[in-house]
Amino acid sequence: MSARALSREGHAAMSLRGETDRWVLIQQNTFTNWVNEQLRIYNCELIEDLQPDFSDGVQLCYLVEALQGKKIGRVIKNPRNHHQNLENVSKALNAIANDNVRLVNIGSDDIVTGNLKLILGLIWHLILRYQIGKTKFPTKKLMLAWIQAVIPECGIGNFTTDWNDGIALNALVDFCRPGLAPDWRHMSRSSGLDNCRVAMQLAKDNFDIPLVVRPEDLASPDLDELSGMTYLSYFMKIDSPGYFATLKIIQSLLKYGTCNNFASDWQDGHLLANLVKSLGENVPNLTGSNSENIQKGLEAAQRLGVNPILTAKEMCDPEVDHIGIMAYAAYFKDFKPTKTPAERVVLSSPPKNVYVGLESNFSVRIEDDNVSPSDVRAEIKGPDSSPNVRLSWTGSIGDGLFTPEETGVHRLSVFCNNQLILGCPVTFKSMADRSRISFTSVESCPVGMITELKVDSSGAGQGDVRVEAQSPGGRIQNLTAVYRHGQYIVNFSPSEAGVWNLSVLYDGEHISGSPYSVVVYDPASVRVYGLEGGIVGSDLTFHADHSSAGDGDLDVNILYEGSRVPANVTEDSRGVNRINFTPQGAGIYKVHVNFNGTEVKGSPYMVEIFGGGRATVSGDGLSLVPLNKTAYFNVDTQGSSSKVDVEITAPSKRTVPYNIRRTKEGHIVEYIPTEVGDHRIEIKYGDSEIEGSPFTAKAYDTHAIRVSRFGDTLVGKSVDFTIDVTSAGEGQLEIMVNNGNLPNTVEMENAGVYKIAFIPEQAGKQYVDINFNREPLPDSPFTCMALDVTGALVRGLKSVLPTDKASTFTIQSEGVGSLEAAVDVQIYTENGDKMPSRLSTNIDGTMKVEWTPVMAGQHRVEIYFGGQPIEGSPYYVDVFDVASIRVSRFNQRGVGEPASFDVDLSQASRHDYEVIIKSPSGRTVDHSITTEDRDWTKNIAYIPDESGPYSIYVSYAGYELPGCPYIQNIDDGGLPTATGDGLYSGEENKNASFSVDVGNRVGDLGVKVEGPNSIAKTTLEQKEGRYIVSYVPVEVGVFTLVVTWNGKDIPGSPFHPKVVNPHKVEVVGGWQQILDNKDRVHLVVGEPKHIAFDISEAGPGHLTSEVTGPASSLHSVIEATGSAQVTMTFTPEQEGNHYIHLQWSKLALPKSPLLGYAVHGRQDNKVILTGRGLKEASVREEAEFNIDGTQAGPGTPEVTLTGVKAEIPVKVIAIAQGKYRCQYVPVIPGAYLLNITWNNRQLRGSPYKVNVIGAFYPNKVTVSGEGLTGGIAGRSLNVTIDTRKAGPGELTASCMGPNKAAYCELEDNRDGTFELRIKPQEIGRHVLQVKYGGEHVQGSPFIIKVSAPPDASKVRVTGPGVEHGILAKFQSKFIVETKGAGAGQLTVRVRGPKGSFRVEMKRDSQRDRTILCQYYPTEIGDYHISVKWSSVDVPGSPFLVHIVDTMAELEEVMRSSMSAGRQPTPRSYDEWREKL
């Protein structure tokens, strides 16, 4: 190590001489704590020692990602060698360098080898860049400048020893929040450690500033400068407590504009100029560049004594860091804003309750010691007078006295040094004497009736009369007052009962005695109940409820045939009376009910009284009733309308609802039973139970009867099935077979379960009718088919067939019945493999069987009816392969010379064959047949007698061979012959050959081979009287091969070889689609396996297959499933390996044979999964779950867990046969997908969603923005969400309106904050839910009111203030009605002959859409009134109002308006007053 050691101040530890240097240990501990603070926010594992913990680069990468807020690339999480360590560290250093952090002499190897000096230097660079700032100005100088500005009493000059006593830190805490450490000036310097502990704990608890430096280290004289700067930077970084405290100071000093940051707000110089102006210093006009404007502000601030820290150019730099401007701004903290004369005096109490002729007052207050009472004066102007104002002073408080001489609006103006003070002029109204106004009221009145009230204001002078009625519920109703002969007539029509308060206001103030109380009652609210008829001689009781009718008296009068019937009225409870009387005769009784002398609603009531009689009950609804259907019964009351009460109780004791209808004879009761069992029915007539009550009705349910299935059968064979009526309720069961013509037997198996049997006697459909309580069951009648197999016949089944040729035969039935459901056909090959067949029904009722043999040999055809073989079954069919019969070795010379060819039958079975030879002229040519090779090969010879092409037809078992007729050309003389496979077939891009036997002939041999789109290159090699011809086809297809001798075609020419390419036979969807991860075909025992092949590019051929299982060969079928597609099908019979051999025109496919593995039927649904780890897990905690496959058969699981940000390795441990334990440890929170397969088949429900939860704090998420206060439908609302203090978690937001969800878009700012844009689609109340980690954040859900867009066309303006008038009695009020105009801003501007007028706007509440506007014209002339709704003129705006002196002038103005097309809307003063 170097022996040179630098100072503790200025640089990170550059020398570690003597490992015990205290300041080095403090710096290392501080930097370690700072690193852990960043990792903790990023939810990473913390470090203990910088050297070993950074050596593999993993934690360093996480630190850089936490600081930059983004991924830096793929990190090797578990590096295993030095190279991988270097790769991680290099990735972190590159990311740092790319973010404009200059690293000098720090390499990857230095970090990996644990060079503490360079590691500490690296961390200091990170603290400078990401914690303190990236300013070009010396950071230390700026930080000291700010500290010296905010706590100048502490005399701070460094970041080390000046902080040891803890006093400065306590002072800094108190600056950030005044009152938090108020006693810092009285602290003892000798208690440095305790002082540091107190201050640092206060900072931790109140500002969340971490203890990256221990109190012991801060109090230590060995504290190094970088540790001190690191800790103190938490007080002055952006959004720190010091940042906000300084910002608050500037905001309090500004009189103009505002300040939101220490960066962009200062760049144009206007904020600095406003600040200096607020402090009383003049700043020249800002018309230059940003730098010039800032320079003017700096110069003005210097005149106040504040010297600049940065230059004007540095302050307007967009890259300027906040710390420089914040330090400069802090030096303004001890200034106070200056006041203009207009601000030095305030109107502390304006005039109130001003009346004509009575002395009134107001108060003013001097707020500046430099102002004397003589500098203040006041004046008042009325409509036609200017009352004298006297100011009397008591200290700084002035009391203004004046006496108004007239009613109307007056204006008060207060001046300081002849300058109008802020808030003036103030208008007030001088009112008439309200003591001379009288009001004629009433004590009580009924609801809904108009009561006339009178207000006499004739002796009070001019003024506005208004009457308000307040209901018992608090609702205010303005009553219309009509002026007549010095009095106002008010019509009062109350809408509810109770005590109403009537307020009589004169010029907005209550008159003497107001408000008045009026008792309102409501006869219509009296409710009479219990009057439902009765019986002669029986007491009849009913009630009258007047509790909601208000205060009053109830009177009842009962009349029968004109005579009054005695009645007893008693009080049952408050507001409820019981009335009792005894009718003495049958007939109609009239019951009159009055409340406060007014007949109540419905009175008189008619009550019918009957003589004493008995009621009877009848109907099916009292016995057996079906479930869920309406049941009825009648109650015969012999015409009486007396009350009938019914109560029906179900078996579960639940009350069954019912409906009762009145008829001539009595009542019909309807109900619907919903439970099986006994229903109790109680019936009362006139409070007495009817004879026989209660009745019992038994509910039954035919849908609850279960009939077992029975299938088709044979004639004479018993059909057995069961009927279960245990859940159907009580009843009678009836069974009939074939309308009762076929007997059946019934035996009871168990209680409620019966066994039914019958034997069909004739073929055809059998019908079984089942009734329960004479009601058919829902599926009755049940049917089955009886078959008779003795009459079945097979037609058209041939005993010999060729392969690959479709064949059909039919099955007839004579007395068999329907064949479709009963016939079964099984066809087997010679090896016992089952062949596919297709059955269909012909028009005549016979069955057609279609099948295609694909393998040569004897086939067995078995035919069954109803499971029984028909007569003659099984049948046998001999199948031969036509393609196995070869015609070759054509030999000919010329006319008159023997010609011959061979027919090879060695691969075919033994059947008759036939050969026919036709001459060129069409004659049949005789031929001879000789046998070779043990009777398998036939040599056909004949003597041609004419030249030309001879047609040769060969048929076998009656079937002509493909390729017929074969052509043999006979020349006049002898020609060579050709033999070999190349004449008939070939493979693309591979050599094909054949030979030409020329004997001793002399001449030229010509060969030409043409494909569909190409010509093949040929080579000829001569050997002993013959030529060997070779060619290579470069495409698939049918080629034309021409062989000539001396220009003439030899016999058989032209030949047509078929060229194929087995490599071009492809599996539809690709080979990997049918292969598992072990390149095996997945097979299931007993399940057909279908493999589709695309043969479109393979050439003219056919696909053949052979499948070998563990014990034997399996039958496979190849069927065409399209123009260029075939499908191979086979069914594995045993578990184990299967080999699938595939050939295209006898050429093996590239992957042939394929290996397949068969397992028993799919049992992965029997795999059982358990454990918490299937659904959720916590960061850095081991999660586990179990897989139990013991019921699923042999197999192994495969498990993967993937997420958006990471893939989590899952350890699968075998714990028993078929049982496994799975474990994983997540490190990043979020949603993951858990994929589980068993035997390479994905389990049902997989992938499963796993939620990994980190340490998150939803209560620390803050939501702010104007969007929370409401908005307009169709327009975006902006909300800011800050999750920086909430830890890792998933942020979600949704907003729901009254009927529709609002569109929400979350934009990540990449710094822990998000911008949420909400676009509501409808108006009304919206609920915004913001969740973090699945939990509501603080304040969520938020309620947002969304209004309709502003529509100025819906705004209406009315009132005298927008009409022409006379100045002396001009009423300047007008109403702006905004109902239906949506959300918007109302602006009203009035410009008179000499300038603008102040407009007063009032409304009853914030929700009121009616705004009362008023202005105060003082001279005649034209007034322009502009009314806008959200900056758009409303209909009629701007309004032109002419105010004149006389009526004659007004009439002239009205005539001019009419001639100009504007229709006047003259209203009397009284009419407008009523409206307003």
Side-chain angles (χ1 to χ4, degrees), residues 255 337 339-437 460-464 466 505-512 514 1370-1373 1390 1392 1394-1403 1412-1419:
K255 292 169 62 176
K339 294 183 178 180
T340 64
E343 298 171 310
R344 295 173 183 171
V345 178
V346 296
L347 180 64
S348 55
S349 177
K352 296 180 181 178
N353 302 323
V354 179
Y355 297 97
V356 174
L358 297 178
E359 188 175 61
S360 299
N361 70 321
F362 61 90
S363 296
V364 295
R365 183 176 67 254
I366 296 175
E367 297 208 334
D368 194 318
D369 294 339
N370 295 323
V371 176
S372 66
S374 61
D375 297 328
V376 182
R377 66 181 179 86
E379 65 179 31
I380 295 177
K381 288 187 177 181
D384 296 307
S385 62
S386 297
N388 183 43
V389 180
R390 304 184 307 282
L391 282 172
S392 61
W393 294 90
T394 305
S396 61
I397 304 298
D399 189 25
L401 301 174
F402 67 98
T403 303
E405 302 171 0
E406 59 179 330
T407 61
V409 176
H410 288 60
R411 183 171 60 189
L412 167 64
S413 300
V414 181
F415 300 88
C416 177
N417 291 328
N418 294 322
Q419 185 174 345
L420 193 66
I421 69 172
L422 294 181
C424 282
V426 173
T427 59
F428 60 91
K429 191 171 185 179
S430 175
M431 297 175 289
D433 188 357
R434 293 184 299 278
S435 63
R436 299 183 180 181
I437 300 174
Q462 187 179 13
D464 289 333
R466 182 161 56 95
L505 306 174
Y506 192 73
D507 281 343
E509 298 292 335
H510 285 277
I511 69 172
S512 179
S514 175
F1370 187 72
Q1371 291 295 311
S1372 60
K1373 295 180 181 179
V1390 179
K1394 294 184 179 180
S1396 300
F1397 274 75
R1398 183 169 176 268
V1399 180
E1400 290 182 355
M1401 292 191 288
K1402 298 180 182 178
R1403 67 172 84 193
L1412 176 63
C1413 303
Q1414 187 172 11
Y1415 61 101
Y1416 301 98
T1418 58
E1419 55 190 327

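Note that the numbering runs from 1 along the sequence shown for the chain.
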Review point. Would a 4.5 Å heavy-atom cut-off, applied to side chains only, mark Asn418 and Arg377 as touching?
Key: yes
Exercise for review: Provide the closest heavy-atom pair for Leu420 versus Val414 in the form atom of the first, atom of the second, distance.
Suggested key: CD1-O, 3.4 Å
Exercise for review: Give a yes or no on whether the backbone of Ser349 and the side-chain of Ser363 come within a donor-acceptor separation of less than 3.5 Å.
Suggested key: no
Review point. Would you say Tyr1415 and Pro1417 make side-chain contact, with heavy atoms under 4.5 Å?
Key: yes
Exercise for review: Answer whether the closest heavy-atom distance between the side chains of Thr403 and Pro387 falls below 4.5 Å.
Suggested key: no
Review point. Among pairs that include at least one residue of residues 400-425, which meet salt bridge (charged side-chain N to carboxylate O under 4.0 Å, His left out), considering only residues two or more places apart or in two chains?
Key: none
Review point. Mind checking whether Pro373 and Leu391 have side chains closer than 4.5 Å, heavy atoms only?
Key: no
Exercise for review: Please round to the nearest 0.5 Å and tell me the distance separating atom CG of Asn417 and atom CZ of Arg344.
Suggested key: 7.5 Å
Check your understanding: Do other residues, nucleotides or ligands put more than 12 heavy atoms under 6.0 Å from the CG atom of Asn353?
Key -> yes
Review point. Do the non-hydrogen side-chain atoms of Thr394 and Asp399 ever get within less than 4.5 Å of each other?
Key: no
Check your understanding: Nearest heavy-atom pair of Phe402 and Pro351: which atoms, and what distance?
Key -> CZ-CB, 4.1 Å
**Study point:** Rounded distance (nearest 0.5 Å) linking atom OG of Ser360 with atom CG of Leu412
**Key:** 11.5 Å
Check your understanding: So do His510 and Leu505 actually touch side chain to side chain, heavy atoms under 4.5 Å?
Key -> yes
**Study point:** For Thr427, all residues meeting side chain to side chain donor-acceptor pair (under 3.5 Å), sequence neighbours excluded
**Key:** Glu1400
Practice item. To the nearest 0.5 Å, tell me how far Cys424 SG sits from Glu379 CD. Key: 10.0 Å
Practice item. Just say parallel, tilted or perpendicular for the rings of Phe428 and His410, cut-offs at 30° and 60°. Key: parallel
Review point. So do Ile366 and Trp393 actually touch side chain to side chain, heavy atoms under 4.5 Å?
Key: yes
**Study point:** Any Arg390 side-chain heavy atom under 4.5 Å of Glu359 side chain
**Key:** yes
Review point. Could you give the distance from CG (Asp368) to OG (Ser396), rounded to the nearest 0.5 Å?
Key: 11.0 Å
Check your understanding: How far apart are the closest heavy atoms of Asn370 and Asp375, and which atoms are they?
Key -> O-OD2, 4.3 Å
